[in-house]
Undergrad: 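Encoded as structure tokens, here's the structure I'll be asking about.
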Amino acid sequence: LSAPLGWIVLVYLGSLAVLLLHALWVKDSFTGKVEPFHWTLDAFAQLAGNPVYLTIAVRTLVIAALVTLTDVLLALPISYYLARVASPRMRAALLVGITLPLWASYLVKVYAWRTILQGNGLLSWLLGPFGVDGPGLSELWSTWLVLSYLWLPYMILPIYAGIERIPNSLIEASADLGGGAGITFRRVILPQLLPAIAAGSIFTFSLSLGDYITAQIVGGKVTMLGNVVQNTYVSNLPFAAAVATIPVVIVLVYLFAVRRSGALDNL
């Protein structure tokens with residue numbers, strides 16, 4: 001596996017290097033053409049000099065963090081039920097139900113949520129008899145909800161695997177020592193699940209950080225970093241590449257922090 005893995009690493013690191021090189025290229029102000037191998041920091045200066053992009057970066061980071069936190073809170077009880085409570089037949093059925101949406105098209109799922117959330121959509125039709133209006137396609141709320149749904153399986157599966165690896169003897173010992181369900185969860189189960197939560201959060205956080213299609217379809221006027229790249233890469237390639245380095249740096253910092261915390265040592 002060393003040779004294929006080496007090629008994957010080479011292609012991945014090579015693409016990041018090309019991204020950085022594009023961010024350092026010069027864009028001719030008169031012709032609008034990009035002049036390769038003429039190095040400058042103008043794209044980064046333009047990015048740092050406009051506070052709008054700082055606001056967009058903070059908004060993207062907050063949405064990614066909220067999606068990750070939401071998926072953790074949803075995945076913990078679901079995964080615990082799958083691993084410790086559900087019968088084998090029920091467990092198999094639920095696992096199929098959790099993984100089946102991963103086979104569906106990303107766009108189909110996002111447009112399905114648009115149909116559900118929009119003003120005259122399914123949710124409004126269900127809530128109408130009770131005199132409650134649907135939420136509509138609000139900016140941050142819709143983006144947060146749909147992204148949480150999209151990446152939830154990537155959080156459930158690692159936590160489910162982590163719970164399955166916890167020996168029953170630990171939980172039984174906690175009960176024998178008088179630990180209730182809450183104490184057992186906080187002091188026995190949750191510390192054992194930190195590596196699994198860290199693994200799942202890498203997926204949900206990074207995927208949310210780089211997403212732009214969901215915000216475009218269901219987020220109304222909300223703009224994330226991916227939308228800035230989408231809107232500028234044709235007219236100003238160096239600037240789009242500079243914007244694209246922001247999520248890369250954030251993910252690298254997050255991976256470094258998770259690594260330093262030791263959460264991945266026991267995976």
Side-chain angles (χ1 to χ4, degrees), residues 1-65 67-68 102 105-107 109-110 143 147 150-151 154 198-217 219 222-260 264 267:
L1 293 177
S2 58
L5 181 60
W7 279 108
I8 292 175
V9 172
L10 180 62
V11 170
Y12 181 75
L13 295 180
S15 62
L16 292 180
V18 171
L19 174 67
L20 180 59
L21 289 177
H22 279 72
L24 298 175
W25 286 357
V26 175
K27 178 178 179 292
D28 189 281
S29 59
F30 180 72
T31 63
K33 294 183 178 180
V34 177
E35 299 179 4
F37 307 110
H38 290 72
W39 315 113
T40 181
L41 295 175
D42 290 347
F44 290 99
Q46 180 183 354
L47 180 61
N50 193 332
V52 172
Y53 299 113
L54 176 60
T55 303
I56 294 174
V58 172
R59 179 191 301 128
T60 304
L61 182 61
V62 169
I63 290 176
V67 169
T68 301
L102 298 177
S105 169
Y106 172 94
L107 286 176
K109 291 184 287 188
V110 177
T143 305
L147 287 177
L150 289 173
W151 313 137
Y154 295 98
S201 69
I202 292 172
F203 288 103
T204 58
F205 183 76
S206 59
L207 290 171
S208 301
L209 200 64
D211 192 278
Y212 68 95
I213 297 177
T214 298
Q216 184 176 343
I217 295 176
V222 67
T223 301
M224 299 176 67
L225 287 173
N227 301 111
V228 178
V229 176
Q230 178 195 24
N231 295 330
T232 58
Y233 81 95
V234 174
S235 59
N236 194 343
L237 180 59
F239 179 75
V243 175
T245 60
I246 297 178
V248 173
V249 171
I250 293 175
V251 169
L252 290 176
V253 171
Y254 182 71
L255 290 174
F256 178 77
V258 172
R259 179 66 177 175
R260 286 294 299 271
L264 300 180
L267 279 179

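Throughout, numbering of the chain's residues begins at 1 and tracks the sequence. Scope of the values below: all heavy atoms of this structure, side chains included, with no hydrogens, waters or symmetry mates.
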Undergrad: With a 4.5 Å cut-off on side-chain heavy atoms, are D211 and Y106 touching?
TA: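 Yes - at least one pair of side-chain heavy atoms lies under 4.5 Å apart.
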Undergrad: Any chance you could lay out the side chain to side chain contact (heavy atoms under 4.5 Å, CB included) test for L102 and Y154, step after step, and finish with the verdict?
TA: CA-CA 9 Å; L102 298 177; Y154 295 98; 3.8 Å; yes
Undergrad: Can you name the nearest heavy-atom pair linking F239 to V228, along with the distance?
TA: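 Heavy atoms of F239 and V228 come nearest at CE2-CG1, 4.2 Å.
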Undergrad: Taking all heavy atoms of L19 and all of A244, pick out the closest pair and write down the distance.
TA: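 Minimum heavy-atom contact is CD1-CB, 3.8 Å.
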Undergrad: With heavy-atom distances below 4.5 Å as the criterion, would you say the side chains of T55 and R59 are in contact?
TA: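 Yes - at least one pair of side-chain heavy atoms lies under 4.5 Å apart.
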Undergrad: Of the options V248, I250, V249, which is the one that meets L252 in a side chain to side chain contact (heavy atoms under 4.5 Å, CB included)?
TA: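 So, applying the side chain to side chain contact (heavy atoms under 4.5 Å, CB included) to L252 and each of V248, I250, V249, only V248 qualifies.
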Undergrad: Looking at NZ of K109 and CD1 of I217, how far apart are the two atoms once the value is rounded to the nearest 0.5 Å?
TA: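 Atom-to-atom, K109:NZ and I217:CD1 are 12.5 Å apart.
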Undergrad: Closest approach of G226 and Y212, non-hydrogen atoms and distance?
TA: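 Reported closest heavy-atom pair: C-CB, 3.4 Å.
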Undergrad: How long is the gap from CD1 on I63 to OG1 on T143, to the nearest 0.5 Å?
TA: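 Those atoms lie 5.5 Å apart.
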Undergrad: Are any of the side-chain heavy atoms of L41 and L24 separated by less than 4.5 Å?
TA: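 Yes, at least one pair of side-chain atoms sits under 4.5 Å.
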Undergrad: To the nearest 0.5 Å, what is the distance between CG on L61 and OG on S208?
TA: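 Rounded to the nearest 0.5 Å, the CG-OG separation comes to 11.0 Å.
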Undergrad: Within the supplied structure, the quantity of interest is the number of heavy atoms (other residues, nucleotides, ligands) at a distance under 6.0 Å from F44 CZ; does it exceed 12?
TA: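 Above 12, so yes.
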Undergrad: Could you report the tightest heavy-atom contact between A57 and I246, atom names first, then the distance?
TA: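 Smallest interatomic distance, heavy atoms only, reads CB-CG2, 4.5 Å.
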Undergrad: Donor-acceptor pair, distance only, cut-off 3.5 Å: does the side chain of N236 make one with the backbone of T232?
TA: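 No.
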Undergrad: Take H22 and V18 through the side chain to side chain contact (heavy atoms under 4.5 Å, CB included) test and state the conclusion after the steps.
TA: CA-CA 6 Å; H22 279 72; V18 171; 3.3 Å; yes
Undergrad: Look up atom CG in L107 and atom OG1 in T214, then write down how far apart they are to the nearest 0.5 Å.
TA: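 Answer for the CG-OG1 pair, L107 versus T214, is 9.0 Å.
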Undergrad: Can you give me the closest heavy-atom contact between V229 and A240, atom names plus distance?
TA: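 Taking V229 first and A240 second, the nearest heavy atoms are CG2-O, 3.7 Å.
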Undergrad: Mind checking whether R259 and L255 have side chains closer than 4.5 Å, heavy atoms only?
TA: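 No, their side chains stay 4.5 Å or more apart.
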Undergrad: If only atom types and distance count, is the side chain of T60 paired as donor or acceptor with the main-chain N or O of L225 below 3.5 Å?
TA: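 At least one qualifying donor-acceptor pair exists.
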Undergrad: Going by heavy atoms in the side chains, are L150 and V67 under 4.5 Å from each other?
TA: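 No, side chains not in contact.
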Undergrad: What pair of heavy atoms forms the shortest contact from A242 to L47, and how long is it?
TA: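 The pair with the smallest heavy-atom distance is O-CD2, 3.8 Å.
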Undergrad: Classify the side-chain pair S206/Y254 by whether it contains a donor and acceptor separated by less than 3.5 Å.
TA: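 Short answer, no.
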Undergrad: Is there a donor-acceptor contact under 3.5 Å linking the side chains of T204 and T68?
TA: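 Side-chain D/A pair, T204 to T68: present.
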